[in-house]
Amino acid sequence: MRIVVAKPGLDGHDRGAKVIARALRDGGHEVIYTGLRRTPQEIVRIVTDEDAAAVGLSTLSGAHNVLIPKVCDGLREAGLGDVVVFAGGIIPEQDRSPLYEKGVRAIFGPGSTTKSILEFLEMVSSRKKAAESVGVGEQIGWRWNE
Amino acid sequence: MNETTSLFESAKSGDRRALARLLSVLEEGGTSPVENGSGDSIGITGPPGVGKSTLIGKLIDEWVSRGETVAVLAIDPSSPQTGGALLGDRMRMVNADSSDGIYVRSLATRNHPGGLMDCLTPMVDVLCACGWDHVVLETVGAGQSEIRVVAFANRIILVDGPDRGDVIQAEKAGIMELADLIVINKADLPNANRAAEAVKSALSAGSNIDVPDVLLVSAHSSMGVSELVDSITELQSSKDRERLRIRERLISAWDSALLTSNLFDESIRAIETGNMTLNQAVGHIRDKSN
């Protein structure tokens, strides 16, 4: 799968994003890493140009409630409703359900293993093949439970 | 109208998503809607860490400020073990994600050295046909298969840095003979002049091929970037270098034919078990594929 790993907003720490990028590569995926401090518009542009099937958003700054929905809306507006959005970093439990309602399909926090992220992506592939909803613009409902 | 043609029509009218999808179709071996080889590209290569991506970022800025558009195909190797790839070139092209005049696409070599090349030419053709003024191929010049990638470009720029000792490596690997222009990046650092002189003397020694220009550039401070863009505009390849490139392309096509042959795995097993020698295997594959 072609996957964009992105760092939205002003947070300057990308150790986690880089670990994820490597783990996905080792899992056989083609990973496009954006580098730090991307705006939601830039991330949508990158996903478009790279024809990526999924985008992972890493945020540690606390701005996830603003930034992640903006990326989701932007993808839908750009006609990329089939792209799968997942998130990671520091996202407190009480903030998660609004993000799931925006179309995020998985949120990985501290303690998540890279193995579970790869399993999530396998599940994504099989749902895509079966034409079951998994994209950011498709029917909300299914999400990954660790 | 089939899928490729309709994507192409949309891409020509400026639909980036259609363009991205079309490039994926070509990457997976789809038929190109454009005449093969009609495009024109600039290949940029050089050892790891000399600042190719950063330099391309600066070239992009300069072209865009002149009102021209740029598409970049940034090529990185896939892991031979897992098939995965980490594509990080665009993080150094910081303005690439905001302007409509820039398109950047990361490509993984996908473990078949010839395989990617099969789709590179159609990709360049399509980008040119969609009206992108400049199409740049970026690849790490660290091994033979990467040199062969860059040999698919119409004009080639080799980037090196001061104090690297890579010039001699590049010479050994045969990239220098292919280059139409040589850039010494990081010219803000000491010893850049000396590196440029070393390259010039290496080039002029005992070669009949006309010698490419050597430019000093600093992507960090933007020094020399505007002059580099001017040189690229006027850059022409010579007949001798064109012949060398055709040679590399032919070897690449040959590799591709070998790697995709159904006798390839069979021959490896036969050699492993001692049922065949290397020479017998070569003969076997060559005879059977005629």
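Within every chain, numbering begins at 1; the chains are lettered A, B, ... in the order of the sequence lines, protein sequences first and strands thereafter.
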Between E50(A) (side chain) and S106(B) (backbone), is there a donor-acceptor pair under 3.5 Å?
yes
Any sub-3.5 Å donor-acceptor pair from R45(A)'s side-chain atoms to S99(B)'s backbone N or O?
yes
Indicate the atoms forming the closest heavy-atom contact of A85(B) with R25(A), along with that distance.
N-CG, 3.4 Å
Nearest heavy-atom pair of V104(B) and D49(A): which atoms, and what distance?
O-CB, 3.8 Å
Interchain contact, A78(A) with chain B, by part (heavy-atom threshold 4.5 Å)
backbone
Measuring heavy-atom distances to chain B, does R2(A) have an atom under 4.5 Å in its side chain, in its backbone, in both, or in neither?
side chain
Residue part contacting chain A, namely of L86(B), when any heavy atom lies under 4.5 Å
both
So for D100(B), is it side chain, backbone, both, or neither that comes closer than 4.5 Å to the heavy atoms of chain A?
both
Is it true that atom [atom1] of [X] has more than 12 heavy atoms of other residues, nucleotides or ligands lying nearer than 6.0 Å?
X	atom1	value
K128(A)	NZ	yes
E35(B)	CD	no
L10(A)	CG	no

To the nearest 0.5 Å, what is the distance between CG (L107(B)) and CD1 (I32(A))?
9.5 Å
Working to the nearest 0.5 angstrom, can you tell me the gap between D51(A) CG and R21(B) CZ?
5.0 Å
Of the listed residues (A21(A), G35(A), G28(A)), which shares the most heavy-atom pairs with chain B below a 4.5 Å separation?
G28(A)
